[in-house]
Amino acid sequence: MLTRPAIGVVLAVAFSSALTGQNLAPADLVLSNARILTIDDRFATANALAIRDGRFVAVGSNDDVRRYIGAKTHVIDGRGRTVIPGLIDTHVHALGVAEAETTQPFKNLRSIRELQEWIRGELPRRAKEAWIWTPRVFPTRLREHRFPTRAELDAAAPEHPVVVDGAYAFVLNTAALRAAGITRDAADPPGGAIVKDAAGEPTGLLRNVDRLLARFRPPPPKVPLEALENVHRQYLAAGITSIIERGATVDGYHTYDALRRADRLRLRATVTIRIPRADDAGEIERFIAGLPFRFGSGDDWLKVGPLKIVADGGILIGTSFMRQPYGLAASELYAVHDPAYRGFLTLTPPQIAAAFAIGHRHGWQMVAHVTGDAGVDVVLDAIEAAQRGQPAADRRHTVIHGYFVDKNTAARAARLGVLVDTQPAWYYKDADALSPALGRERLAHFIGLRTWRNAGVNVAINTDHMFGLDPDDAMNPFNPFLTIYAASTRRTESGKVVSGAETISRREALQMMTRAAATLSFDEASRGSIEPGKLADFVVLDDDPLTCSEERLRRLRPRMTVIAGRISFQQGE
Ligand SMILES: [Zn+2]
């Protein structure tokens with residue numbers, strides 16, 4: 001319904017254009033009496049806009065736009081409200097959210113006690129040999145600021161195998177270790193670790209061992225279209241009109257395509273395809289050459305995006321690959337006791353270089369999940385080598401996360417034309433736990449938006465939404481105004497500011513979720529600002545996000561979201 005305009009509409013517009021002259025054809029929709037932040041080159045404001053055939057045809061004063069009102073034009077009185085371009089969340093996992101909500105609706109567990117209670121609640125529903133996978137938890141977001149211990153899990157589940165899912169790290173109870181055959185004699189898998197105590201016994205904590213546990217995971221369900229559609233509805237209600245799905249399979253792309261064919265794709269999606277873990281270049285080459293589509297194929301609603309690899313782990317669980325050791329202050333948070341520990345690469349540098357070189361050669365934009373500073377060095381090496389092998393302008397290879405930045409790294413990224421996709425709300429959620437563990441100096445530049453910007457790197461801020469449907473309580477919160485709040489205040493959840501050195505202005509933050517975000521998917525000519533010719537996606541707000549109070553900013557909710565000139569969300573619905 002919200003996808004292609006019906007053929008009849010197209011013909012009607014063409015017909016009336018022929019009758020009345022090109023500029024005076026009546027608009028489908030006019031919004032007037034508003035305060036429109038166009039986010040154009042000059043950051044100009046306007047009072048009215050007109051839309052025809054899904055695109056803005058006029059933006060200006062009420063007088064400028066009035067002449068576009070015809071007999072059939074839908075006219076909306078903006079009543080002085082603020083209007084911004086549709087927000088672009090360049091990093092979400094809507095497919096994963098839909099899949100998880102289908103099997104086990106997300107519950108935000110805030111402490112080890114809540115985790116234990118959740119596990120106890122599951123026991124009566126499960127056979128004794130059935131594995132229990134908890135909702136995703138990160139030690140930085142548990143009240144205790146540490147992983148649960150094996151003993152704490154045993155206390156909750158003495159018999160059922162339990163896995164606490166921390167993405168790139170897991171904690172197993174005794175029954176799970178036994179069922180998986182992980183004993184004191186077990187060797188670390190390549191690139192991963194089975195953590196053992198001083199007596200040589202597995203503590204239950206496993207880092208980067210995805211393959212080891214794969215066979216105990218329940219097979220992923222087929223994502224019902226209504227579940228994905230429902231996630232998208234939550235985005236529209238939050239003001240998000242375009243997303244980049246950041247790590248789908250080819251099947252995931254087909255789910256989007258099915259949604260589109262059913263006329264139920266309600267927002268614009270670019271789908272990133274993850275390259276499956278490959279041991280050698282030949283495997284990567286075969287995967288890429290065998291893909292059923294090319295980079296960028298699609299249209300304004302659904303497009304094939306870049307290819308993604310995962311280069312290292314995560315900073316919420318202490319597996320980011322760092323230049324300097326984590327240090328003993330981090331031992332409690334991450335259960336790390338080796339003073340030389342620097343985290344992990346999940347692929348070797350030659351594997352990372354091979355993926356970039358092959359993708360680059362086949363014409364793909366390449367993106368890498370890489371959180372630690374030493375990991376970013378390896379990815380930039382790979383991009384530099386790929387460019388040297390086959391120089392090509394404007395490929396927009398992208399560093400995803402890149403949490404620890406310094407001037408030299410930022411300058412190097414700028415020189416290589418590399419873009420950054422990063423998540424300020426993680427600073428808000430996690431810096432309270434990370435600061436004592438990693439030190440104030442490292443935290444001062446954690447998600448260093450100012451450093452990237454000063455070097456001239458194009459940065460998109462986004463949410464990395466993975467689980468749950470509540471904009472503020474999801475893992476991770478997908479309320480875009482919380483992201484803008486965190487970027488512009490550098491306040492943590494407890495209200496502290498570790499250092500204001502990386503603070504950016506609200507204007508810059510808004511720009512990073514609109515104009516700058518559009519460049520990640522090569523869409524800057526059609527999205528990211530309210531200008532004639534661009535796609536008619538915008539959001540109506542009760543307050544001005546540039547001037548309202550900080551408290552108000554992070555709680556802003558759209559009154560109305562319009563996409564392709566059609567109202568797709570309205571408060572009170
Ligand atoms: Zn992600």
Side-chain angles (χ1 to χ4, degrees), residues 87-101 106 108 135-138 140-141 165-169 208 210 220 223 228 231-232 234-235 238 240 242-249 252-253 256 269-277 305-317 319-321 344 346-347 352 355 365-372 375-376 379 397-404 419-430 446-447 459-469 471 474-480 482-483 486 512-513 517 520-521:
L87 296 170
I88 302 174
D89 193 330
T90 47
H91 188 146
V92 298
H93 299 277
L95 281 163
V97 176
E99 183 184 306
E101 289 298 308
F106 178 68
N108 200 350
R136 176 74 50 86
V137 291
F138 293 124
T140 51
R141 298 192 190 167
D165 175 9
Y168 302 96
N208 275 357
D210 234 3
V223 177
L228 184 57
V231 180
H232 294 165
Q234 311 311 314
Y235 292 163
I240 298 162
S242 286
I243 56 169
I244 299 184
E245 184 72 56
R246 245 339 176 199
T249 58
Y253 176 82
Y256 267 88
T270 298
V271 181
T272 305
I273 306 294
R274 181 159 170 193
I275 300 177
R277 187 190 258 275
L307 298 180
K308 176 180 180 180
I309 60 163
V310 174
D312 74 349
I315 198 59
L316 309 192
I317 48 176
T319 57
S320 302
F321 185 47
F344 289 94
T346 49
L347 299 169
I352 294 168
Q365 179 189 26
M366 296 295 297
V367 303
H369 162 114
V370 60
T371 55
V376 170
V379 167
H397 300 317
T398 302
V399 161
I400 300 178
H401 306 303
Y403 288 145
F404 300 92
L419 312 186
V420 168
D421 140 358
T422 198
Q423 297 75 37
W426 287 38
Y427 179 93
Y428 173 79
K429 293 298 288 183
D430 301 300
F446 175 57
I447 312 186
V459 181
I461 55 175
N462 54 49
T463 70
D464 200 0
H465 177 216
M466 303 170 181
F467 296 101
L469 297 173
M475 173 85 76
N476 300 286
F478 59 90
N479 166 10
L482 178 65
T483 289
M512 287 181 185
M513 287 207 87
L520 259 73
S521 53

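In each ligand, atom 1 is the first atom listed, and ligand 1 is the first ligand listed.
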Task: Distance filter under 2.8 Å, centred on the Zn ion (ligand 1) - protein N, O or S atoms that pass it - done: His91 NE2, His93 NE2, Asp464 OD1

Task: Stepwise side-chain hydrogen bond (donor to acceptor under 3.5 Å, both in side chains) test for Asp89 and Thr463 - done: CA-CA 7 Å; Asp89 193 330; Thr463 70; 2.7 Å; yes

TODO: Tell me, please, which residues at least two apart from Asp421 pass side chain to side chain contact (heavy atoms under 4.5 Å, CB included).
DONE: His91, Arg246, Thr398, Ile400, Gln423, Asn462, Leu520

Open item on the list: For Phe106, give me all partners under ring-ring contact (aromatic ring centres under 6.0 Å, His included), at least two apart in sequence or on another chain.
Closed with: Phe467

TODO: Can you sort out the partners of Tyr403 under ring-ring contact (aromatic ring centres under 6.0 Å, His included), two or more places apart, ordered by chain and number?
DONE: His401, Trp426, Phe446

Open item on the list: Check the orientation of His465 and Phe478. Use parallel for under 30°, tilted for 30 to 60°, and perpendicular for over 60°.
Closed with: tilted

Task: Pair Asp312-Ser320, side-chain donor/acceptor within less than 3.5 Å - done: no

